[in-house]
Each structure stands twice: as C-alpha cells, then as structure tokens.
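The structure appears right after this line, and notes come after that.
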Amino acid sequence: MAAKLSFEKGGDFILETRREVELYLASRRIRVRARLQLYAKTVVAFTVWAASWAVLIVVRPGIAFGLVALGGLVVGTVLIGFCVQHDANHGAYFRARRLNHLMGWTADAMLGFSSYAWRVKHNVAHHTYTNVDGYDDDIDQTPFLRLAPAQAPKPWYRLQFVYVWPLYTIMVLRMQIGGDVAAFVRGRIGRSTVRLPRRWDALGVVAGKAIFVGWAVVVPLLVYPWWIVLAGYAGFTMAVSIVAATTFQLAHSVEDADTLTPEEVASASREWAVHQVETTVDFAPHNRILTWLLGGLNYQIEHHLYPRVQHTHYAHIAAIVQRNCARHGVRYTAQPSLRAALRAHTRHLRSMGRLGLPVELEMG
C-alpha cells in the first residue's frame, strides 16, 4: 500500500489570508446576514421542489405545463444539492455536527445518493488530494475519460471532448443505482478508506434511498403509465446530472488547473493552501444569478480554502484570497464567464485526448 500523501501546513500565504478572512467574519452583522441568506435560499429551494412535485402528482398537467413543472423540479433539486446538502455535508450549515449530517441527509432523500459515502468521496478524497492522480476520485474516470497527463492514452480519448457530455448526463444516475454501494464493497474511494455504515448511518443510507425511490418512482407510478414515469425520471436525472458534473469539472478539469502525480506532490513539499489554489479555477465570478443558483460553487478556490464557511460568504472572501495570491506569487485563475470556462474545459479534454498518442492518430 502506498504511503499516505501529506502537504506542508501553514505558510505565509494562508496565514495572512486566514487573518484577513477571520477579521471579515468577526462582524456579527456579516455572519447573521450570510446565514439568513442561506436559510432563505433553503426555503426557496424546498418550495420550488415541493410545488413542482405537487403539480406533477396532484394536478397532472398536460405536456406543456408538465414539462414546466418537471423543469421546476430540476431547479429545486439543483438548489437543494448545491445550496443545502453541500454546505451541510461540509459542516457549514449549522454549528452542530449532528444537525449538519441531518440536513446533509437531503442528498439521500432528495438526490438519491448516500451522504455518508459522499462525505468521504468529496470532503476527503477530493478536498484533501485535489487533482492528484490516483487519490482524487473525481479525476479517475478511466477507461471512459482521460483527465490527467499520467493516465494511459487510448485512441478513443481523441473524441472525449464530444462524447463527454452524454456521459455527464448519467453521473448522478450511476451514484443513485449503486455508486455508493460499490464504494462500501471496495472499502475505499481513491486511496481514502470507506467503512461500512453502522447503526444510524446504515439506517440513513437505507431510509434515504427508500424515500427517494418512493417520491421519484413509486408515487408517480400510481398516477402515470410506466413509460411516462421512466421518461420523466430519465429527463429529470439527466438534467440534474449534467448541471452538477459540468459545475465541478469547470473548476478542476481545465487547462489552467494543475494536475499532479503523487510523486510530484511528494517531491515538491507543496503547501496545502497553495496546492488548493493552483489546482482549482473560479468561473463567472461577477455573474450574480449563476452564483446564486450554484451555491457559490463558481468560487471553487474560496470553497476549497474555506469549505466549512457558508457559501454566501465566498464572493466577499474572493477579493481577500486574490489579493493575497498576488502578494505571495500564488497563481490565481478565474475564467470571466461560463462560456470561457466551458471552452477551457473543452480545450483540456482535447489536449488530454491527444497527449501521448502516435503522430498518425494526432493528425486528421
């Protein structure tokens, strides 16, 4: 078994940044305002979700209004995923750990995947070892995608910039139908250990999956033919999935984000905070609508440095981080728009797809 990777702690960059961020967060007025914004967004998210689901099940509208209601269900679910469960499972929603886990359980009941497994996959494997090949499970998508230079080239990767979008539509479905169970069986995600859930955790996994299947499949089957339920479920899941997958990939699988091997990390004595900044990219930082909808996850640099801070602070923290990056020579990258970020992601996919292939395959 490979030795556990570690990063250098501290450093002038993060010490000075932390000092300024703590000064900003010291204001009670600022903290209360951000918390109220988060809670108000939670009310909006659940209201949109519940109203849309009720229209579909109780009103049973025609095709046009049914598609509108299904779109509302997608929007409500995306808001719950990005703005509620994400903050909660990072420990940012409440002060109490148990309350955060309870709110984070919305991932199980509303999105259909285990929050218990997700906390290991996302909080540990991804946030600790961001863009480290073999450790960060998010960039290990072989044999379907090549997202890191150290991964072996394959001829079909030349077209990954084309076929990646259909793959993104099934990411959430994969998590719903067995991705979390597969992690329990393997006992690991990347190089991070996943223990079998016990007692309340096990109950949460089973009950959450049952509730999700109940509202998403069983109840609709009581009022609609099976083929309409299948089509609706597929459309709903694919829409949520492509939004979620694209959002996370635009932050890390782009040409301006470092991707490293474990050997490179071990030999460079890399500071953890610097590593987080230089393996991550912000996008569309001045787009307030996108920031609101994505739960601040277009500010991924700030999120990686302060995952336990509510996302409603990220836009303010970004100015502090950017200023200290310039002061300490740390590369800070922010794509100006969603379009620019999508182009950067596409260029990265094309580059990784061609890298290391014979010349005759690179041409044409």
Side-chain angles (χ1 to χ4, degrees), residues 1-8 120-165 167-168 171 174 179 182-183 186-194 245-283 300-301 304 330-333 335 341-363:
M1 185 174 179
K4 185 177 180 179
L5 278 187
S6 61
F7 295 89
E8 295 290 329
V120 177
K121 174 181 172 61
H122 187 72
N123 296 9
V124 180
H126 173 63
H127 269 263
T128 305
Y129 307 108
T130 309
N131 274 20
V132 179
D133 187 32
Y135 283 76
D136 183 354
D137 189 64
D138 285 4
I139 63 168
D140 184 7
Q141 303 300 326
T142 58
F144 305 106
L145 298 173
R146 186 191 189 193
L147 301 177
Q151 294 166 357
K154 301 293 182 183
W156 56 86
Y157 292 154
R158 290 181 70 245
L159 296 175
Q160 65 179 1
F161 73 98
V162 176
Y163 67 73
V164 69
W165 306 107
L167 285 181
Y168 284 170
M171 181 198 74
R174 173 175 171 267
R186 288 194 309 268
R188 61 180 177 81
I189 296 177
R191 302 286 181 88
S192 301
T193 301
V194 182
T246 303
T247 299
F248 288 114
Q249 292 294 63
L250 294 186
H252 302 291
S253 293
V254 289
E255 56 190 359
D256 295 310
D258 287 350
T259 304
L260 306 171
T261 64
E263 292 75 21
E264 288 172 328
V265 173
S267 64
S269 297
R270 198 172 173 89
E271 291 180 10
W272 176 84
V274 173
H275 174 84
Q276 295 301 318
V277 175
E278 295 188 345
T279 56
T280 309
V281 173
D282 286 358
F283 62 92
Q300 281 276 352
I301 291 175
H304 271 253
V330 178
R331 188 185 74 244
Y332 182 102
T333 305
Q335 295 291 348
L342 288 168
R343 286 180 171 179
H345 180 48
T346 301
R347 288 194 296 268
H348 178 71
L349 290 172
R350 290 176 67 100
S351 174
M352 289 296 100
R354 294 171 174 174
L355 185 66
L357 288 176
V359 173
E360 63 268 20
L361 288 179
E362 293 182 357
M363 298 175 62

Residues V194, K121; criterion side-chain contact (heavy atoms from CB on, under 4.5 Å); working and verdict: CA-CA 9 Å; V194 182; K121 174 181 172 61; over 6 Å; no

I would like to know whether R146 and R354 meet side-chain contact (heavy atoms from CB on, under 4.5 Å); could you show each step before the answer? CA-CA 10 Å; R146 186 191 189 193; R354 294 171 174 174; over 6 Å; no

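Annotation: side chain of Q335 is not in contact with side chain of V254 (no heavy-atom distance under 4.5 Å). By the 4.5 Å heavy-atom criterion applied to side chains, L349 and S253 are not counted as neighbours. Taking 4.5 Å as the limit, every side-chain heavy atom of F283 sits out of range of all side-chain heavy atoms of H345. Side-chain contact check for R188 versus T193: every heavy-atom pair is 4.5 Å or farther apart. For the pair R331/D258, a side-chain contact is recorded, criterion being any heavy-atom separation below 4.5 Å from C-beta on.
Under the rule for a side-chain contact (heavy atoms from CB on, under 4.5 Å), the partners of T142 that lie at least two apart in sequence or sit in another chain are D140, Q151, Y157. Scored by the side-chain contact (heavy atoms from CB on, under 4.5 Å) test, T246 finds W165, Y168, I242, L250, L342 as partners (sequence neighbours excluded). Remark: Y129 pairs with Y135 by the ring-ring contact (aromatic ring centres under 6.0 Å, His included) rule, at least two apart or across chains. Residues passing the side-chain contact (heavy atoms from CB on, under 4.5 Å) test with E271 are E8, V274, sequence neighbours excluded. In terms of the side-chain contact (heavy atoms from CB on, under 4.5 Å) criterion, S351 has no residue partners (sequence neighbours excluded). In terms of the ring-ring contact (aromatic ring centres under 6.0 Å, His included) criterion, residue partners of H275 (sequence neighbours excluded) are, by chain and number, F7.
To the nearest 0.5 Å, atoms CG (D136) and CZ (R191) are separated by 12.5 Å. One distance of note links CH2 of W272 with CG of L5; it measures 15.0 Å at 0.5 Å rounding. One distance of note links OG1 of T261 with CG of D133; it measures 7.5 Å at 0.5 Å rounding. Atom OG1 of T279 and atom CD1 of I301 lie 8.5 Å apart (nearest 0.5 Å). To the nearest 0.5 Å, atom CD1 of residue I139 and atom CG of residue L145 are 12.0 Å apart. Separating the CG atom in D137 from the NE2 atom in H122 is a distance of 12.5 Å, to the nearest 0.5 Å.
Counting only distance, with no hydrogens or angles, the side chain of D282 and the backbone of Q300 share a donor-acceptor pair below 3.5 Å. With T280 contributing its side chain and V277 its backbone, the two residues share no donor-acceptor pair below 3.5 Å.
Under the side-chain contact (heavy atoms from CB on, under 4.5 Å) test applied with L147, the options H252, Q249, M352 reduce to a single match, Q249.
Contact between A257 and A251 at its shortest, heavy atoms only, is CB-O, 4.4 Å.
More than 12 non-hydrogen atoms from other residues, nucleotides or ligands lie less than 6.0 angstrom from OH of Y163.
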